[in-house]
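Computed from a prediction, not measured in an experiment: that's the story for all the values here.
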2 protein chains.
Amino acid sequence: MPISPPPTIIDIAKRAGVSTRAVSSALNGTGRVSEQTRSVIRQIAEEMRYQPRLAAQLMRARTTGGVALIIPTDQAEASESGAHGPLMTNFVDLGETEGIRFHFDFVSKARAAHDPAPQSFKGAYVDGAIVTDSMPQVPALRDYLMSQQRYPWVCINEEAPYCVLSDFDDAAREAIRLLIGVGHRNIAFAFGPLDFISHASARSSFEKAAREYDLRVENESRAYFPYKPRREGIAEYVAWATEVLRRPDHPTAFLCSDMRISRAVIYAALRQGLLVPEDISVTGMGTTGDAEKGYPCLTSIEPDFRALAELSYQMLKELIEGEQCVQSTRRVPGKLVSRDSVANVPRGMLCG
Amino acid sequence: MPISPPPTIIDIAKRAGVSTRAVSSALNGTGRVSEQTRSVIRQIAEEMRYQPRLAAQLMRARTTGGVALIIPTDQAEASESGAHGPLMTNFVDLGETEGIRFHFDFVSKARAAHDPAPQSFKGAYVDGAIVTDSMPQVPALRDYLMSQQRYPWVCINEEAPYCVLSDFDDAAREAIRLLIGVGHRNIAFAFGPLDFISHASARSSFEKAAREYDLRVENESRAYFPYKPRREGIAEYVAWATEVLRRPDHPTAFLCSDMRISRAVIYAALRQGLLVPEDISVTGMGTTGDAEKGYPCLTSIEPDFRALAELSYQMLKELIEGEQCVQSTRRVPGKLVSRDSVANVPRGMLCG
DNA sequence: CTGTTAGCGCATTCAG
DNA sequence: CTGAATGCGCTAACAG
């Protein structure tokens, strides 16, 4: 049997012997309808499995109730930033509680090069956009966003006219306090590419905290790794960590701004017979998923994705609704979560 | 200045001094318009930055040109299945080349419990759906999909009336041939929860290949791990691997159906002074991202996400367009990709 | 061959 | 509570 076309309010109106206006009122709670007819109409709508057509609603409405979540992605490193997963699921949650349609819109470097306008800005079915980080990878997109006026947008973890940024100051302090508390004095820092705001911000937070706690970090114990795709990066991290750990007075703890660097350090340590966390402590930075995808699970600093999502949406909402001027950049503190990669400094290495 | 509303074909028609029909024809290549007026109209549309309103197009069209990619997700383990990333980016690519709107629709266990109909089935803005695996986590969704008639759907890596499944037979053979080729004879198997089709299918592929190559796998060298969330799982893997590796005649290679198990084995080995890959070889199964997010990068079996996406879309297209009966379940071979976790069996352990 | 007119589709809402 | 108008892109039917 051919599937009958979806019912419209007209079908319902006929069946109920009322006008379409009555149906609309009854279902949306607008206008005036008697409780009597309202419940009859509801009943019938239920039976016929009525669902309003989004297209028809969008035709009428001046505002769409939709928000694009724009995710710049270079196909090659699609899976590298573990942040997209948690961000998306948090936006899904938010969409459910706030009743808005989030439209996930991946824009690839290749596409942006020949047409920088994101797909979701094309059909007039969103009111604005939230843009996730990793924009340095897709510069054309940024230029386009700045140049257009129609859609308000706010950035997550990226400087922009309106943005919300992770703040790692507290978490960095906490991490260093934790390490000092269990006896570590000789600590190494390792950072990912500083043109990514998360790494740059982690660095400044760590350096600030180190100063506050009078921690001396040797220059040889500081590393800055440029961007390398995938495996190449890791090989470099391992080489560095191996080198550092060969020194007789090597550090007993490593603070890293990237999970892969952390993993590389652990690997390098283990290969020289140094156990983690018994001999060497390591912390990471990134998502829960990445922290728990290997062993030992990493004590690490994590962005507060929930808050990032909520705040960015709040800002966007203000921008969409109001002439109201909102605070243009906000910060949300990251948090340190303790797992299994930090322990007391070994007896033999205690100094003072 | 207030932003002027987006232009419509009416605005263009006025500006060009023609009818709206002419504009529509010119822009869509339907009907007949002289090259003359066509280029004039195109010019004007360009200048005015005209974009057709999706809502208006959808109103008229009987088919929407949209496809939902339904991703069942339990918030808690959102980041666990690394497959979502590669799948999504492949669908984005596909959407660009095929000119279809893919609508990513995450459905959480919680939501499905009180309303099993996916959001994307509500407003009549897609023609059908592709459903990714991990459905066992959200059983209500499956029941709903089976019960409804309106939208055709095809499953990826999950048994269903229409589905496309990864086939690891060839890759498993290749993996075992690789290991045997470099001298391994004493091999262990470790599998994740068998109620996930990927693990179950990996198991049968490995067992089949083992028989073909006359490989004897001791019963103590086989492990089946039930589903445990996150860290708990890993601790168990490590305990098992540690135990196995303590045996004097321990295996020299581990074939695992999950990257986390692989990582746990490597960790356990390293802690007992066994190097990977020099002393112990390990393979994994999963995504490129997970294989390269730690060290050593894992030689592993990977689903062919590109083909999975393409085939599932082809099938769905046939279902949407045709009364045509399509082949109802198709298989796409996974592939073995060599990285750094497999090497020659150590001299001392060579047998025969 | 080139073009126009007159609806269609459907949920919402203003004026009765 | 009802009738009719609105929003906009598409297309069958018709005219020059």
Side-chain angles (χ1 to χ4, degrees), chain A residues 4-42 44-46 48-66 99 101 122-127 150, chain B residues 4-42 44-46 48-66 99 101 122-127 150:
Chain A
S4 58
T8 70
I9 49 170
I10 301 175
D11 300 321
I12 298 180
K14 275 192 197 126
R15 189 85 114 231
V18 296
S19 71
T20 57
R21 167 75 227 239
V23 177
S24 179
S25 301
L27 295 172
N28 299 323
T30 66
R32 294 150 301 261
V33 201
S34 71
E35 263 318 316
Q36 187 74 329
T37 43
R38 155 162 305 173
S39 71
V40 171
I41 290 171
R42 285 229 170 108
I44 294 176
E46 188 88 5
M48 299 180 78
R49 296 238 155 72
Y50 170 74
Q51 295 290 349
R53 256 179 84 172
L54 187 63
Q57 290 179 310
L58 255 40
M59 274 301 279
R60 290 283 306 154
R62 221 171 59 294
T63 174
T64 71
R101 288 178 301 108
K122 290 269 172 71
Y125 59 100
V126 297
D127 298 326
R150 183 157 313 285
Chain B
S4 58
T8 70
I9 49 170
I10 302 175
D11 299 321
I12 298 180
K14 275 192 197 125
R15 187 85 114 233
V18 297
S19 71
T20 57
R21 166 74 225 233
V23 176
S24 180
S25 302
L27 295 169
N28 300 323
T30 66
R32 291 151 300 260
V33 201
S34 70
E35 264 318 315
Q36 185 75 328
T37 44
R38 155 162 306 173
S39 70
V40 171
I41 290 171
R42 285 230 171 107
I44 293 177
E46 187 89 5
M48 299 180 78
R49 294 239 157 73
Y50 170 73
Q51 294 291 349
R53 257 178 82 171
L54 187 63
Q57 290 181 311
L58 255 40
M59 274 304 280
R60 278 294 284 156
R62 222 173 55 286
T63 174
T64 71
R101 288 178 301 109
K122 291 269 172 72
Y125 58 100
V126 297
D127 298 326
R150 184 157 314 285

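Phosphate proximity of C:dT4 to B:T20: absent, as no side-chain N or O sits under 4.0 Å from OP1 or OP2. For B:N28 and D:dG9, the shortest distance from a side-chain N or O to OP1 or OP2 is not below 4.0 Å. Close to C:dA11, at under 4.0 Å from its OP1 or OP2, lies no side-chain N or O of A:S24. Residue A:Q57 has no polar side-chain atom (N or O) positioned under 4.0 Å from OP1 or OP2 of C:dC10.
The side chain of B:A56 sits closest to D:dG9 out of D:dG9, C:dT4, D:dG3.
Computed from coordinates, the B:I12 CD1 to C:dG3 P distance equals 16 Å when rounded to whole Å. To the nearest angstrom, P of C:dC14 lies 8 Å from CZ of A:R21. Remark: P of C:dC1 and CD of B:Q36 are 17 Å apart, rounded to the nearest angstrom. Computed from coordinates, the B:L58 CG to D:dC8 P distance equals 15 Å when rounded to whole Å. With rounding to whole Å, A:K122 atom NZ is found 19 Å from D:dC8 atom C1'. At whole-Å resolution of the value, CG in B:L54 and P in D:dG7 are 19 Å apart. Remark: C1' of C:dG3 and CG of B:L27 are 16 Å apart, rounded to the nearest angstrom. For B:K14 and D:dG9, the NZ to C1' distance is 15 Å, given to the nearest whole Å.
Within 4.0 Å of A:V23, counting heavy atoms only, lies no atom of the nucleic acid at all. When heavy atoms are screened at a 4.0 angstrom cut-off, B:T37 is found touching the sugar-phosphate backbone but no base atom. Heavy atoms of A:R53 sit under 4.0 angstrom from primed sugar atoms or phosphate atoms, though from no base atom.
B:K14 NZ: 12 or fewer foreign heavy atoms inside a 6.0 Å radius. Atom CZ of A:R15 sits in a sparse spot, with 12 or fewer heavy atoms from other residues, nucleotides or ligands closer than 6.0 Å.
Toward the 5′ end of DNA chain D lies the nearest nucleotide of B:M59, the other residue of the pair B:R32 and B:M59 mapping further downstream. Nearest-nucleotide assignment on DNA chain C puts the 5′-proximal partner with B:E35, out of B:E35 and A:I9.
Residues A:V23 and A:Y50 have side chains not in contact (no heavy-atom distance under 4.5 Å, counting atoms from C-beta outward). At least one side-chain heavy atom of A:R150 sits under 4.5 Å from a side-chain heavy atom of B:P6.
In DNA chain C, the stems built from three or more successive Watson-Crick or G-U pairs (distances below 3.5 Å) are C:1-16 with D:1-16.
Across every non-hydrogen atom of A:D127 and A:G65, the tightest pair is OD2-N, 2.8 Å. Between A:S25 and A:V33, the shortest heavy-atom contact is CB-CG2, 3.3 Å.
Here the side chain of A:R101 pairs a donor or acceptor atom with the backbone of A:T64 at under 3.5 angstrom. Without hydrogens or angle criteria, B:R53 side chain to A:L58 main chain gives a donor-acceptor distance under 3.5 Å.
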